[in-house]
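Everything below concerns the one structure shown next.
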Amino acid sequence: VQIKFLGAAGTVTGSRTLLESKSQRILIDCGLFQGPKPLRNLNWQTMPFAKDLHALLLTHAHLDHVGASPLLFRDGFRGPVYLTRGTAALAELILRDAAKLQEEDAEFANRTGYSNHRPAEPLYKNEDVDIVLKHFNTLDRGEWFPLNGFRFRFGNAGHIVGSSFIEIEDSSGYRIVFSGDLGSESSLIMRSKDHPEWSNAVVLESTYGDRVNGVSDTTDVTLEHMAGFINKALPRGRVLIPAFSVGRSQEVLFAIKKLMKDKRIPEVPVYLDSPMAQRATRIYAEFVQDLKSEAQSFVRHELPSFVTSVESFSDSQELVKDLTPKIVVSASGMLTGGRVMHHLKTVLPRAQDLVLFVGYQAAETKGRLLIDGLKELRIHHQTYPVRCQVGSLKDLSSHADQRALREWLLRFADKTTRVFLNHGEAKALFTLKERIYGELKVDVAVPLAGEVFHLS
Ligand SMILES: [Zn+2]
């Protein structure tokens with residue numbers, strides 16, 4: 001068996017890893033590359049291995065793990081896609097949204113003449129997504145499934161609804177684990193992740209490989225930090241929380257509700273201005289078994305009456321102009337687009353308002369620039385001064401920090417386990433590599449894009 005790293009190698013997006021034997025070719029995740037343009041350009045390269053591929057296995061529904069699956073089918077793949085039911089529900093939502101955005105972008109480029117291609121083409125369309133969905137095979141976690149001489153099973157990764165690590169075993173009993181993205185123990189709503197019993201090799205995500213949360217990193221400390229930030233703006237100003245539609249938004253709303261109930265922040269109106277987050281929330285309510293018990297009743301019963309969902313774009317525009325104290329949760333989480341950009345136009349110039357970040361901000365995104373102290377921001381071809389307060393809540397993350405990654409690994413790895421680190425920026429990858437080697441004295445590799453390793 002050999003393993004080839006086709007994406008998320010030395011970077012955090014584009015997860016694609018190929019597992020090959022003489023008779024079998026399995027791809028684990030098929031994500032889009034996101035971020036700076038040179039990375040996004042990789043999405044236009046064909047995947048020549050698609051025709052000979054036997055199966056696609058998906059760890060979870062985030063775009064950087066599933067977003068390129070329509071392209072895989074366009075390049076000739078016709079096999080089954082194995083995933084959990086929760087992942088299938090969220091993946092449909094995320095893929096359809098991605099197709100819609102790409103079709104809109106291409107349409108905009110053609111209308112304004114702004115494109116190198118004439119006419120501009122979307123990366124994929126909604127009908128390409130239909131083909132992917134037809135090949136979905138949903139499976140339960142914990143049970144082994146045979147796959148032409150191999151077998152595999154899903155285990156709870158505690159990251160978002162449906163998220164799973166995958167154990168794959170070949171006919172000789174050689175076992176390899178793909179972590180996917182691993183959830184944080186300080187998550188307020190996700191049930192804690194499980195771990196494999198043992199493995200010969202592991203491909204471990206490293207998003208926060210260089211970050212250790214505080215020693216007192218409990219959910220209550222997280223809530224205290226959040227209250228501290230929010231109380232800088234309330235009760236006079238407004239709080240704008242950019243959040244990813246899937247996972248972050250639900251987590252943030254749960255935290256706000258808890259803080260208001262405990263009277264740690266003032267009671268002001270709370271808005272969820274993201275149609276996609278609203279749909280994701282309904283899926284969370286459907287798959288509550290992945291959530292902590294307190295979060296289950298919140299998502300099912302309390303959330304609908306506590307939050308005002310903003311549906312139409314014109315209602316969203318009204319909300320943007322309304323300067324009364326309130327909390328608005330809106331997407332996208334890294335300020336790469338979406339309704340949150342319109343909110344920023346009236347929030348950024350006002351000293352009494354607060355923008356509060358609650359998730360990972362990739363290099364060169366507007367989110368990262370704001371946290372780093374940018375003084376003005378360009379939105380839709382206009383410049384806005386940054387006079388508002390900017391906060392970043394590091395410990396409310398959907399990713400395990402360095403300590404949690406090591407602890408997870410130590411639960412099943414020993415000196416003979418081969419470790420491959422992916423899904424991280426260079427500093428995170430090499431910091432984590434050093435720490436794991438120091439602790440376990442195991443063989444730790446940080447694969448380059450396209451690199452192949454022989455396993456058994
Ligand atoms: Zn993820």
Side-chain angles (χ1 to χ4, degrees), residues 7-9 11-17 27-35 39 56-69 83-84 86-95 97-98 141 154-166 177-194 203-209 211 242-252 276-277 280 283-284 287 290-291 331-334 336 357-363 365 367 394 396-402 404-405 408 421-425 428-429 432:
T11 178
V12 277
T13 61
S15 275
R16 305 168 189 185
T17 313
L27 189 67
I28 294 84
D29 285 342
C30 192
L32 274 188
F33 290 99
Q34 296 168 286
L39 266 180
L56 170 63
L57 273 51
L58 296 177
T59 59
H60 68 289
H62 276 148
L63 201 60
D64 59 328
H65 293 260
V66 306
S69 48
L83 70 182
T84 63
T87 297
L90 286 176
E92 173 168 6
L93 175 69
I94 285 174
L95 288 172
D97 182 67
R141 293 197 188 102
F154 293 107
N156 176 32
H159 172 59
I160 58 171
V161 156
S163 70
S164 302
F165 60 84
I166 305 175
V177 171
F178 293 84
S179 74
D181 286 356
L182 295 172
S184 164
E185 292 306 311
S186 64
S187 168
L188 301 165
I189 62 169
M190 295 309 300
R191 195 159 60 79
S192 287
K193 57 185 171 294
D194 298 325
V203 178
L204 181 64
E205 70 118 331
S206 316
T207 315
Y208 282 142
R211 213 186 71 194
F244 292 104
S245 308
V246 177
R248 287 307 60 204
S249 292
Q250 293 75 27
E251 186 112 7
V252 163
M276 179 141 158
I283 294 174
Y284 268 59
F287 295 94
D290 280 6
L291 308 182
S332 81
M334 293 196 282
T336 50
F357 291 97
V358 292
Y360 183 79
Q361 302 298 313
T365 56
K394 292 218 172 74
L396 191 75
S397 166
S398 55
H399 283 273
D401 72 347
Q402 187 204 76
L405 289 170
W408 188 75
L421 300 181
N422 74 346
H423 203 282
E425 288 173 9
L429 290 163
L432 185 60

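Numbering of ligands and ligand atoms starts at 1, following listing order. What you are looking at is a predicted structure, and each value in this text was computed from that prediction instead of being measured. Hydrogens, waters and symmetry mates are skipped; everything else that's a heavy atom, side chains included, is used.
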Is the distance from the Zn ion (ligand 1) to the nearest N/O/S atom of His65 under 2.8 Å? no
Shortest-distance N/O/S atom, His62 versus the Zn ion (ligand 1): ND1
Asp64 versus Ser15, side-chain donor and acceptor atoms under 3.5 Å: no
Does Arg211 make a cation-pi contact with Tyr208, if we ask for NZ or CZ under 6.0 Å from the ring centre and within 45° of the axis? yes
With rounding to 10 degrees, His159 NE2, the Zn ion (ligand 1) and Asp181 OD2 define an angle of 100°
Contact check: Asp64 to the Zn ion (ligand 1), N/O/S below 2.8 Å: no
Could you pull out the atom name of the N/O/S atom in His60 that is nearest the Zn ion (ligand 1)? NE2
So, Asp290 and Lys193, do they make that salt bridge, N to O below 4.0 Å? no
When you measure from the side chain of Ser184 to the backbone N and O of Ser186, does any donor-acceptor pair fall under 3.5 Å? yes
With a 3.5 Å distance limit and no angle check, can you tell me whether Thr87 reaches the backbone of His60 through a side-chain donor-acceptor pair? no
